Amino acid sequence: MLRLAWRTLSGRRASWAASFVALVLALVMTTACAVLLESSTRAGSSAERYAGADVVVGGQPFVPRAEELRAALDRLPSVERAVPELSFPTTAVDASGRTVEAPWDGPSLGHAWDSAVLGPFTLRSGRAPSGDQEVVLDSGLAERLDAGVGGTVRLSGADGLRSYRVSGIADPPRKPARQYAVFHTPREARRLADSAQPVRALGVRAEDATDPAALRRQVEKAVDDLYGDDAGTIVVASGDGRADAEFWDVPSPASVLSSLVGTFGALSLFVAGFVVSGTLTLAVAGRLTEIGLLRAVAATKGQIRRMIAVEVLLVTVAAALLGVPGGIGVAALLHRLLVSGEVLPPSFPLAVGPVAPWATVGLAAVVAQLAAFAAARRASRVRPVEVLRESAAPAPRLGWRRVLLGVCVLAGAGACLGAVAAGRLDGGGGTAESMVLVLMVGVALLAPLICRVAGAVLLVPVRPLLPRDGALAVRNLLRQNVRLAATVTPLVLSVSLTGTLLCVPLVTSQGEERAERQRLVADHVVSADGPGIGTGYAERAARLPGVAAASGQLSVGGELRRADAGDGDAAPLIGGSLVAMHPEAVPRLLDLGVRRGSLDRLDGTSVALGDGAAADLGVSVGDRVRVDWDDGGRDTYRVRAVYARDRGFADALLPRASAARHAAAPLDDSVLVRTAPGADRDVVERELRSLASDFPGTRVGGGDGGTGNASGSGAAAGLFVLLLLTMINLFTAVSVVNTLSMATAGRRREFALLRLAGAQSAQVLRMLAWEAVLTCAVALLLAVVVCGSVLVPLSIALTGSAVPALAGGPLTALAAGAPVLTVTTVTLAGLLALRSSAATPGGLARAVS
């Protein structure tokens, strides 16, 4: 079988060339993704602030009863010292007034000098802070600020911008690469932390000659003895786990890369499977005469299938020799682009090991074999007496199983999209993008049938309006559904996937802005470019002349439960979005669409719940709910209102006085301000802008939404989407060229017959051009249907309008480029085919052979 496959493959090099190119491109894409994914799994994070601690006891975000825990740890025989670490967000301002961001979207934190020993941070110059107006900077931040010992730096805290004298510059043995550190006196650090439980972690330093594993077991036992069942938010880490405890709330470059590359790789493999399947189907369909002759000399169906499978395997191995090295080169290029775009740090390594290439080749072989099996299954059923009829006019007949599966896939996607439009299913979180892939699976399964229907609906009505070349092109397309489907499918996939990935963020942003406009009654929204806004801003804004109400919006972490629910009950809202505000200001700042109760009744002991949270908990106005805070604390509140406008806002609105004690950072996400009746809004806005100068990174806007800001991770996702779409469209373009070239070259017999019938070469080329234009028209219309099926329900759910926001420029360029690409390809391929097919009986004989 191997010898027969090799002989057949050697004699059919032209028919397999297109499949070889498709497999090479698929291997390039998937290998690049696999190499980047392997690099992300091998790139470990190193501890920076905790590098000098043998064991770290971390809270997420706080360590409750920290003093009790410290005393318990100090009593352990193997512990030299347990050091509490206090941390809080801080923002430095350079000489030009710009805020200094930490590297790679990391934290910029203030600490007490007592915890410097955990680094251990040692003074490179200067001395420790001796007064509340003195600080020690790490050398990276000192370089960014161009600050030296004795100089002055400006740091933003909860009460605004303050100036501090630099008493020293310090560094640990390994210079911090993901954060900036500022050290205050213990008293000033506690004031700036502004929290009832400010300790984030305790670093345990062991006595000499202590076994690290034994020390960790002792620490874990001490934690269990102190907290009992409440030890769930406490993490005990050693070795490499110290970095996870240190950066538990900051995604590492490796985690950001792995999440993005995972999506990138899945989509690449999906696209590659479509393209390779279509190319192999055409390659096998062009060999029906040969396969029929083999059946005539007693070849069995199994032998035919095994022969094709071996041929595909040989082509896959040959493609791997080019595709794998090419993919490694593309991975290196992507790595360089991500580093230059500051998505990855320069120190992030590109790891090329044996796992990624072999895994990629294995996946490519599986995809190719599945495609070959599907193509060979029909070809092996050709009867010898049907060879001439099948080869002259292939008329694919879809099996009832394939039709049923395709209908079920499309019906399932339609049901999900209907639920999105009705608001029963959230369209975010990748749901819309995944629906495109599901729809494309259905379209691919029914592609010949869909193309036949589309041709009858779209092409037949316009045939009388076309010239003779165009009418002949319509007839050819209607008779060759397999060829039409093989070309249309990758075009539909490329345009629909590109349109969805570009337009879903626009629709989502439009929906958020609409929801914000409906929700806001405030005249001014103050947002932050940095980690947040100091709590002093809202307090000072409320005292400005002409201001009727002002309140910050503070995000807090916790779980909602019914007050009467036991700890073992499974009814919490895990990861619920909780926002705290001053209750007396809420009715004058927000219109939440209250369904039951009233926001006017909110006070320091009550809460307002969103519709979804109230339904999940089974509570209503007058019932009591409990909040289990992330720091281990608990508070119980009375439900005073249930509101409908919770999308993009919060599951629960809590009183600020009690919630702020449990917040991970004493910083507001935004500040809402309402102008008093009769006051001048412009004057109030000028006062707010003047006040913002003491709180760097704040921006004052109108009450029309737009409070969000792009984060580093958002920029990373945007860059990856652009790279993804570029590679997918390039791959699709090459595959379309590949498919059209193969399909056109296989029509030499048809061209020779046309020439014998009197057609000129120019007429044949015009017919091919019309075929290309009409094929693109069908593909673009089907892509519009697929995109519209996803975007319209999402737009209805988020914006209330059936007209979604569109990325007009890129989509127009894609729609215009598709006909240019296809017309150019078929024209060149047609010229080459016509040169080898003379309009003579001898030429026709050569074309047939």
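Being a predicted model, the structure only gives us computed values, none of them experimental.
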With a 3.5 Å distance limit and no angle check, can you tell me whether [X] reaches the backbone of [Y] through a side-chain donor-acceptor pair?
{"X": "Ser167", "Y": "Val135", "result": "yes"}
{"X": "Arg124", "Y": "Asp171", "result": "no"}
{"X": "Glu48", "Y": "Ala177", "result": "yes"}
{"X": "Arg154", "Y": "Asp94", "result": "yes"}
{"X": "Asp628", "Y": "Arg561", "result": "no"}
{"X": "Asp651", "Y": "Ala613", "result": "no"}
{"X": "Thr31", "Y": "Pro357", "result": "no"}
{"X": "Ser670", "Y": "Ser527", "result": "no"}
{"X": "Glu38", "Y": "Ala356", "result": "yes"}

Check [X] against [Y] and note the closest heavy-atom contact, atom names and distance.
{"X": "Val153", "Y": "Leu137", "answer": "CG1-CD1, 3.9 Å"}
{"X": "Thr99", "Y": "Pro696", "answer": "CG2-CB, 3.5 Å"}
{"X": "Val166", "Y": "Ala147", "answer": "CG2-CB, 4.4 Å"}
{"X": "Ala47", "Y": "Ala243", "answer": "N-CB, 3.7 Å"}
{"X": "Ala193", "Y": "Leu86", "answer": "CB-CD2, 4.0 Å"}

Problem set entry | Partners meeting salt bridge (Lys or Arg N to Asp or Glu O under 4.0 Å) with Arg624 (sequence neighbours left out) |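 With neighbours one apart ignored, the set is empty.
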
For this session: Would you check if there is a donor-acceptor pair between the side chains of Thr535 and Glu539 at a distance under 3.5 Å?
Result: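 Thr535 and Glu539 do not have a side-chain donor-acceptor pair below 3.5 Å.
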
For this session: Compute whether any side-chain donor of one residue and acceptor of the other, for Arg200 and Ser87, lie under 3.5 angstrom apart.
Result: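 No.
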
Can you tell me how far apart [atom1] ([X]) and [atom2] ([Y]) are? Round to the nearest 0.5 Å.
{"X": "Tyr227", "Y": "Leu69", "atom1": "OH", "atom2": "CG", "answer": "4.5 Å"}
{"X": "Phe649", "Y": "Ser577", "atom1": "CZ", "atom2": "OG", "answer": "8.0 Å"}
{"X": "Ser39", "Y": "His335", "atom1": "OG", "atom2": "NE2", "answer": "7.0 Å"}
{"X": "Leu338", "Y": "Leu36", "atom1": "CG", "atom2": "CG", "answer": "7.0 Å"}
{"X": "Thr360", "Y": "Met29", "atom1": "OG1", "atom2": "CE", "answer": "12.0 Å"}
{"X": "Arg205", "Y": "Asp54", "atom1": "CZ", "atom2": "CG", "answer": "7.5 Å"}

Problem set entry | Intermediate values then yes/no, side-chain contact (heavy atoms from CB on, under 4.5 Å), Leu560 and Leu609 | CA-CA 10 Å; Leu560 286 169; Leu609 295 180; 4.2 Å; yes

Can you tell whether the side chains of [X] and [Y] come within less than 4.0 Å, N to carboxylate O?
{"X": "Glu246", "Y": "Arg242", "answer": "no"}
{"X": "Arg217", "Y": "Glu220", "answer": "no"}
{"X": "Asp132", "Y": "Arg162", "answer": "no"}
{"X": "Glu85", "Y": "Arg49", "answer": "yes"}

Exercise. Under the 6.0 Å and 45° cation-pi test, does Arg178 pair with Phe247?
Worked result: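 Yes, Arg178 and Phe247 form such a contact.
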
For this session: Check whether any side-chain heavy atom of Arg165 lies under 4.5 Å from a side-chain heavy atom of Gln133, and answer yes or no.
Result: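 Side-chain contact under 4.5 Å: no.
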
Problem set entry | Evaluation steps, side-chain contact (heavy atoms from CB on, under 4.5 Å), between Leu155 and His184 | CA-CA 11 Å; Leu155 303 173; His184 298 262; 4.1 Å; yes

Exercise. With a 6.0 Å cut-off on ring centres, are Phe121 and His111 close enough?
Worked result: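 Aromatic pair excluded; centres sit 6.0 Å or further apart.
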
For this session: Flag yes if more than 12 heavy atoms outside Glu101 fall under 6.0 Å of its CD atom; otherwise flag no.
Result: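 12 or below, so no.
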
